[in-house]
Protein chains: 2
Amino acid sequence: MKASFEDLKEELKIRHINLSHQRLKVLEYLIQNQYHPTVDQIFTELHQEISTLSKTTVYNTLRVLVEAGLVRAINIEDHETRYDINVENHGHFKCESCARIDDFRIDTDSLVFDDLINFVIKEKNVNFKGICPRCLSMSK
Amino acid sequence: MKASFEDLKEELKIRHINLSHQRLKVLEYLIQNQYHPTVDQIFTELHQEISTLSKTTVYNTLRVLVEAGLVRAINIEDHETRYDINVENHGHFKCESCARIDDFRIDTDSLVFDDLINFVIKEKNVNFKGICPRCLSMSK
DNA sequence: GTTCCTGCAAAAGCTTTGCAGAAGA
DNA sequence: TCTTCTGCAAAGCTTTTGCAGGAAC
């Protein structure tokens, strides 16, 4: 069950995070565009709508949303962080050809390892890389 | 069975990669310091020994070694790449407190998911985060 | 001798910081 | 009103690029 825009707004209110116009727009964008966008992609798109928007605000907003647990930051490579509104358990597959990131279902609770018996695990990331079906069919 | 310095030198020769003094030193450093160092850590340490060494050369060398498959680049977060001479199957645990990365045993071949049935998978990364036993015992 | 490598300087790309003015509650 | 947020400019970091001199084979 995915969280709706209204649920997330409520979540922000509970945490006393101001519902500014810019923040709500970023949140809305992430819900409507679940392709794991970069800061630059979010900024470029929203800037067309809100001409005064700054990239700093996009950075600030994403940091707030990540800290609040509403958004997940993904670091696979390429020195750029990508953002995901879906904070549920899942893996990420990054295509080397088109750079797109696909989600895949994975039960991270089942990933338990003897070597980590004395570790406190707060986050589990499973990132695969390769070629996605779309790019495979194009190269044929 | 881990690869020795001599094995890796042989591997470089086969691939027609020049065995320059700098490259051998970087390789040797990675073998002797398997703590997943950053470029800066490698550079700083080796610079004490080779005063003319440049960071560009460290970057160049690591790129060559990664392309040759002798070294693995790790991107967990923090916009810095870390390097690992161990290219065998294993996961990485990064401590949020001391930033150290521990290896843990994992058979990535067993990680197969229905959602990825039409994908060509070239790389599988399993990265966990949390607090390591060393930091846990210190905070008590 | 030819090819490849090194290292300096500069630039590029992503992200953070400081701060004055503006907006939210 | 009081607190928090926005957005500009500047700076901070890691990494890449161009290129002349130097090393490897």
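Lettering follows sequence order; numbering is per chain, from 1.
- If you measure from atom CG of B:L53 to atom P of C:dT6, you get 9 Å, rounded to the nearest angstrom.
- Here the rule is side chain to side chain donor-acceptor pair (under 3.5 Å) with B:D84, and of B:R72, B:Q34, B:H36 only B:H36 fits it.
- Between B:K55 and B:D40 a salt bridge is recorded (basic side-chain N to carboxylate O distance below 4.0 Å).
- Atom C1' of nucleotide D:dT14 and atom CD of B:Q41 are separated by 13 Å, given to the nearest angstrom.
- B:R63 has its CZ atom 19 Å from the P atom of D:dT14, to the nearest Å.
- Applying the 3.5 Å distance criterion, the base of D:dC5 shares no donor-acceptor pair with the side chain of A:T61.
- Within residues 10-25 of chain A, the residues that have a heavy atom under 4.0 Å from DNA chain D are, in order of number, A:N18, A:S20, A:Q22, A:R23.
- The interatomic distance linking A:E80 (CD) with C:dT16 (P) rounds to 14 Å, in whole Å.
- At C:dT6, none of the side-chain N or O atoms of B:S54 fall inside 4.0 Å of OP1 or OP2 (strictly under the cut-off).
- When heavy atoms are screened at a 4.0 angstrom cut-off, A:T38 is found touching no nucleic acid atom at all.
- Between B:T81 and the phosphate of D:dT15, there is a side-chain N or O to OP1/OP2 separation shorter than 4.0 Å.
- In the set D:dG18, D:dT6, C:dT15, the nucleotide with an atom closest to the side chain of A:V39 is C:dT15.
- Between B:Y59 and D:dT16 there is no side-chain N or O to OP1 or OP2 distance below 4.0 Å.
- Counting non-hydrogen atoms of other residues, nucleotides and ligands closer than 6.0 Å to CZ of B:R105 gives a total of 12 or fewer.
- Distance B:K9 NZ to D:dC25 P: 10 Å, rounded to the nearest Å.
- Considering every non-hydrogen atom in both B:F5 and B:L24, the closest pair reads CE1-O, 3.7 Å.
- Over its length, the helix from C:dG1-D:dC25 to C:dA25-D:dT1 turns its helix axis by 40°, as judged from the five terminal pairs at each end, rounded to 10°.
- Ring orientation note: the planes of B:F93 and A:F119 are nearly perpendicular, at an angle over 60° on the 30°/60° scale.
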